[in-house]
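Below is one structure, written out as structure tokens; comments come after it.
No hydrogens, no waters, no symmetry mates; every other heavy atom, side chains included, goes into these values.
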Amino acid sequence: MSDAPVLQIRSLSKAFGPVHALSGVQFELRRGEVHALCGENGAGKSTLMNMIGGILQPDEGDILIDGKPVTIASPAAAQKIGIALVHQEIALCQDATVAENICMAAINARRAPLMNFQQVHADAEKAMNRLAPIAVRTKVADLSISSQQLVEIAKALTLDCKVLILDEPTAALTETEAQRLFAIVRGLKQRGISVIYISHRMAEIFSLCDRVTVFRDGRYVATEAIEATSPNDVVRKMVGREITQLYPDKLPADAKPGRALLSVSGLSDGTRFANVDLELRTGEILGIGGLIGAGRSEIAQTICGLRPATAGSVVLDGKNLAIRSYADAVRAGLVYLSEDRKRSGVFLDLSIAANVSALDLGKLTGRFGLLDRRAEADQATSLARQLGVRMSGIDAAVSTLSGGNQQKVAIAKQLSVAPKVIIMDEPTRGIDVGAKVEIHRLLRDLANRGVGIIVISSELPELIGLCDRVAVVREGRIAGVLGTGQLNEETIIMLASGVQPNAVYEGQAQNVA
Amino acid sequence: ETANPFKCEPGEKYVMNVMVSGVEYWFPVYEMFKQAGQQFGCETEYTGTPEYDVNKQIATFDQALAQKPAGILVHPMNSDPFIEPINRATDGGTAVVTFAADSPNSKRVSYITSDNVAEGTYAADAVAEAMGGKGEYAVLENPGQDNHDKRISAFVTRMEAKWPDMKLVGRAASNQDPTKAYQAVLSLAQAHPDLGAVFMPEANSAIGAAQAAKEGGGKIRVMLADVNAKILDMIKAGEIFGSVNPNQGMQGYMGFMLLWLAKHPELIDPMNDAKRAGANAMKVPFVDNGFSIVTKDNADDFYWDKYLKRRGTKGIEE
Amino acid sequence: MHAEIKVADASRRASFARFASMREAGLIVIILALCIAMSLASPHFLTWGNFRAMLMSFSIEGIVVVGMTILLIVGGIDLSVGSVVCFSMVVSGALFLAGLDPWTASLIGIAVSALIGAVMGFFVTVVGLNHFITSLAAMVIVRGLCLVITKGTPLSLFTLPPEFKAIGQGNLQGVPYVIIIFVVVVAIFDFLLRRATAFRKVFYTGSNEKAAQFSGIKTNQVKFWVTVLCATLSGFAGVIYMARFGAATPTFGAGMELNVIAAAVIGGASLKGGSGTIFGAILGMALLSVVTSSLILLDISVYWQDMIKGCILLAAVSADHFLHRKKS
Amino acid sequence: MHAEIKVADASRRASFARFASMREAGLIVIILALCIAMSLASPHFLTWGNFRAMLMSFSIEGIVVVGMTILLIVGGIDLSVGSVVCFSMVVSGALFLAGLDPWTASLIGIAVSALIGAVMGFFVTVVGLNHFITSLAAMVIVRGLCLVITKGTPLSLFTLPPEFKAIGQGNLQGVPYVIIIFVVVVAIFDFLLRRATAFRKVFYTGSNEKAAQFSGIKTNQVKFWVTVLCATLSGFAGVIYMARFGAATPTFGAGMELNVIAAAVIGGASLKGGSGTIFGAILGMALLSVVTSSLILLDISVYWQDMIKGCILLAAVSADHFLHRKKS
Ligand SMILES: Nc1ncnc2c1ncn2[C@@H]1O[C@H](COP(=O)(O)OP(=O)(O)OP(=O)(O)O)[C@@H](O)[C@H]1O
Ligand SMILES: Nc1ncnc2c1ncn2[C@@H]1O[C@H](COP(=O)(O)OP(=O)(O)OP(=O)(O)O)[C@@H](O)[C@H]1O
Ligand SMILES: [Mg+2]
Ligand SMILES: [Mg+2]
């Protein structure tokens, strides 16, 4: 009996109307292993996890726990048999505190008629502090998306489970938090808990996991031991082709610097950041790095007029940008891609086509102020093809897309206009390797054509591989700007945290222990 | 030594209390209530809730009572809910008279109204006579409001009793809403092409009903109770057949008298057991203020704004 | 030849599929079913007179439904529609009685209605109150204004010139102008809501206000103008009511808001914003109207009418829900 | 000694800060300000008689507000409360007239109200309709039932035994039982809503139903029971009204829903669910009541009452909004 895998999936299928999300897949999770699940966006990873977590029901096939077939009728049922799920899409009660969100399952199971808030706060604090020092009495609505992601993880960690599913937990996290999470996962593994780990970051998979299973187009492809395979191999199985060049060529080191497209000087918002100077030149891709909560998003949003500034100036293409609202910025040719796609990136209930055209309706407006629906459809179709959005059609609601494909729609929306400068906040969050390469190539093409590109990213390899220069933000100030020659993980981490990299990791180790 | 006993003490105040206080039915009542008050040298006040809500009306009644007036002339929206407040008022020395609707089980001293049954009965006779005692008719109702229900049932009862050839072909609820009345009459006219008359117990529905009747070719006689400027205009134009209108003025004037008398029982030395029984010797249980039939011929005399202009008063605002 | 049949068949099937996938299909089926049942039960049901009566009974309110639906889509709500309808009647009527010609008076009536919408829009967008509470206050205030202006008595507008009354009472070759106006307004706004760029922004704002802001849409402007539009359409409806009834009653339209919102919700609008169609809302209105007049036609006792009406409503909405859910 | 003062000062400041950060602080300030203004304007305002009248006017409705607030928090709404209040009166009254003792009759009245809640809960959770449309249908159906049972005429319950009537009309050393019951119900539910485990689930469900489900909360059960609770409290209120009025009128409670919802929303509940407090909702109710009775005390012309009432309401809500926003 102890030989039986903790969890086994047998020829399981699931269809959403005409879309076959999964067809006859299999999967096996052994006791105490960390098992990676890989696949392109829309391969069916989250769908499978949702079925294991009791949120969806399979059309066909079996789920076996400890060798016995089970029906997992609801999330509650899943919890009862020891399955904890960290969702790809953040699902927290915005009006409740962090502590209550973390302890919600416990509160639900509680027999005592009255709440014991002290206990809840203490328990939540304990779980939260293992990951990041987020005050547990804050309302979730007041947290940034990355902090919410951490809360979501902490929430799962409080559950007494034997299978922990992590669906892209690090998509919005920086190195520091990710490392803490890995340490925790390793600790769980030691205690015999099995973990399913979904991620598009190959480095993480190869440093953390024991085995890897690959899905493609809703079908099972292969399962390998990590030692027996390589990142390239996994990518090939996922994408079905070889990816030779992960990042596009950068500007040659001796290239003449272009003219200044966007200059920010002395920008402050009075609370989160102060005295920010930035300059973006034609032809280059400027990266912005930093820890969670450093204020990168706020800086970008303030530049675009999405938040008020208290001091400083922004010059766009030689003209002083006096904007009162984001609409002015868009008109002036400055657009921003939000990091929080669910809250401010996409319209979940609207069609893909309508989402793509939201940023510039004027372009699609024909005579009498009517929308040219053919032009809208053409635009959506071509951008969706370019970005490889897996969908049933451009009329489908965005809510029916997989997480990564939703992100692609959000990017398509930005690309639908022809701006002078695009600021992208975590653009490749949740996007698979193949599509990432495609998006990076697109950004580089745009840069070469004179469009200014600023990329905010928490993924260090992306900053280093894609950007020509990286500005690092620490506690609301620019800690330094690194040129091509200086770009490496250690330097960025050092600037971002203000400490030597080794010290950072030691600190974490202590925290975890 | 008191030359004229029919005078108020300084500060003696009489209040009139109603629900849906913004509608005009009450205005003539209060107007005469006020005139009587002035003749007696009393203060008068018009209070009530603008809403159609018994709970809110009781709140305004209680508030008025908190100021310890000499008497309250009240139109209790529902009879029984007012028992407790009226009794509390009476026990505290405030006289209470009900008008147009009663609270029979309370300790109110008097009740003054026009006779709803007589109104319904007359309306039935008028309609049936005009139709030669033969034909189809329908009624629009406002189920749940007592005086309206009484008028309707009196109307129907009279038809059945005295006019056997008049056939009731439809009852619909219009709930005092002109658009609902409009739709109801249009539908009724479809179902019953020979419909010759429709009766409703209030004026709001009549505006819609008359319009529908007019669009249906004017064969349907619209009969109602109560009037307003629009109804009067339509009566004069022949678009409405007629209306039974309570004598609101007398309701107010006599209402005041009844209150005043109830407040001053010492004026008489009753020749009965009232004193020994601790009862109010001035108790007049019921007064009928009568009603008028409004037709083309007399409609001109019922315009409220013309009356106000002629009298030079500000109506309920004083 | 065989192939041809297949093609025809396929195209028929395709157009059926398109019909079935419409949000409104369920409602249409239910209303038709009710109509068939009714025409079996009453010989008077399937007559032009009866349909005309039903149409007349909801056409003017239907104009208010149009505004409400758009407002619901943007995530708002307007409880003041009944009061504004009344206010527009009262203002126009009073101005007419004061000597203005009825057309100018009506225009002013509609304009002040729009102004009320603008004030509500101000409180919603600038002050930051929600639509519910703002329009609730407006409902009370505007009703109060009606009382102030009329002093509680209906204005009799008997002297309105016939060419003005014709709007509400006349007809073009048997089709009342009211119905024509209603159909035109519905058609225009249904079309605009599906096709016009400006109205697309209404959907964006209602679906996800923050995402709309992050797409450069001035959501406050959108909400403001939709609020104004809803009040303006209410004002327009008020003027038509005035022409129909030749009167301006200060209590007119009380309780209308619930009926109008119910129609929109039955027709697929969500109180949470982001969805709804005008065609659907009008079908919702039609459903309510068919039920009401059926009960009168069948001569159901007034005591039972409410109960039966509510049950039919519940059954219809449940059926629609199932038809719609099976589809998706 | 200097240090002591500082400590006292700090603790005073802290408790002030705690007060100011309460969601309800703004409303309390506004109501107090209104009361002070009123007591300067009218000598009758600051009397026990007047306060008793104000309290009495909203105590029973306040019990309905409690249920509505909880339902709003879970993301629902109940338009049928007025009808259910009436239904409970009518059923209990009819049973009493049929010979049952009033206590049993009342229990049955409350039970059938709960049953109505259960039916609504069924349609919401199992069939999947939304609360708005379900409760709208229930409002019409239940009102219809009241008419059917009473045949449209009020039931006179003059013969109710005095010990039963005392619930609605009696008092304990000058404090009416109605007010005592109201305060107890509010205190219990306010406490439970803040502290009870079961009621926390209401907040979670209303805030994000999916997230709550993911945590194992059976949100449909939560919604079902809250719907039942709201109807049950309405039924309870109906029984008290019956004791107070000694009558059961088939039209009672019409329009109550709007007032009740308005109170909850003024008190901070959101129609989108997830937030609201009972204390706040009761303050909302109190605000509405103080405004109404002030106008009557000041002997404002009825033509102007509505308008002024609406304006004060709007001003108060705006002020509250600013006070609250400044805080956060
Ligand atoms: N509710 C739904 N309705 C229709 N289609 C759906 C729905 N949910 C998922 N799908 C489809 O199922 C497929 C698998 O989606 P899933 O979310 O499992 O992908 P994934 O592997 O998790 O991708 P990602 O890496 O982007 O998160 C996709 O094609 C998606 O469009
Ligand atoms: N009170 C709040 N309410 C809503 N959103 C908030 C709030 N505070 C911060 N945010 C959002 O959080 C984001 C800022 O995130 P954060 O403070 O973590 O800075 P950051 O440097 O962008 O970090 P990261 O992007 O890595 O999360 C912004 O998008 C901002 O809109
Ligand atoms: Mg996924
Ligand atoms: Mg960020």
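From I266(C), atom CD1 reaches atom CG of L136(D) across 7.0 Å, with rounding to the nearest 0.5 Å.
Per-residue heavy-atom pair counts under 4.5 Å with chain D were compared for I133(C), I141(C), V140(C), L313(C), and the maximum is reached by I141(C). When N130(C), T150(C), T134(C), L258(C) are compared by the number of non-hydrogen pairs under 4.5 Å with chain D, L258(C) comes out ahead. Chain D forms more heavy-atom pairs under 4.5 Å with one residue of V302(C), I261(C), I308(C) than with any other, namely I261(C). The residue among R143(D), K151(D), K309(D), K272(D) with the most heavy atom pairs within less than 4.5 Å of chain C is K151(D). Contact count against chain D (heavy-atom pairs under 4.5 Å) is highest for V265(C) among V142(C), L271(C), V265(C), I77(C).
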Run F123(D) and V317(C) through side-chain contact (heavy atoms from CB on, under 4.5 Å) and show every step you take.
CA-CA 10 Å; F123(D) 274 92; V317(C) 178; over 6 Å; no
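For the pair H321(C) and L129(D), the tightest heavy-atom approach, listed with the atom from each and the gap, is CB-CD2, 3.7 Å. Across all their heavy atoms, G310(C) and A137(D) have their closest contact at O-CB, 3.9 Å.
For a residue to count as touching a neighbouring chain, one of its non-hydrogen atoms must lie under 4.5 Å from one of that chain's; by this rule L79(D) touches chain C with the side chain only. Proximity to chain D (any heavy atom under 4.5 Å) is shown, for L145(C), by both the backbone and the side chain.
A donor-acceptor contact shorter than 3.5 Å is absent between the side chain of Y303(C) and the backbone of L147(D).
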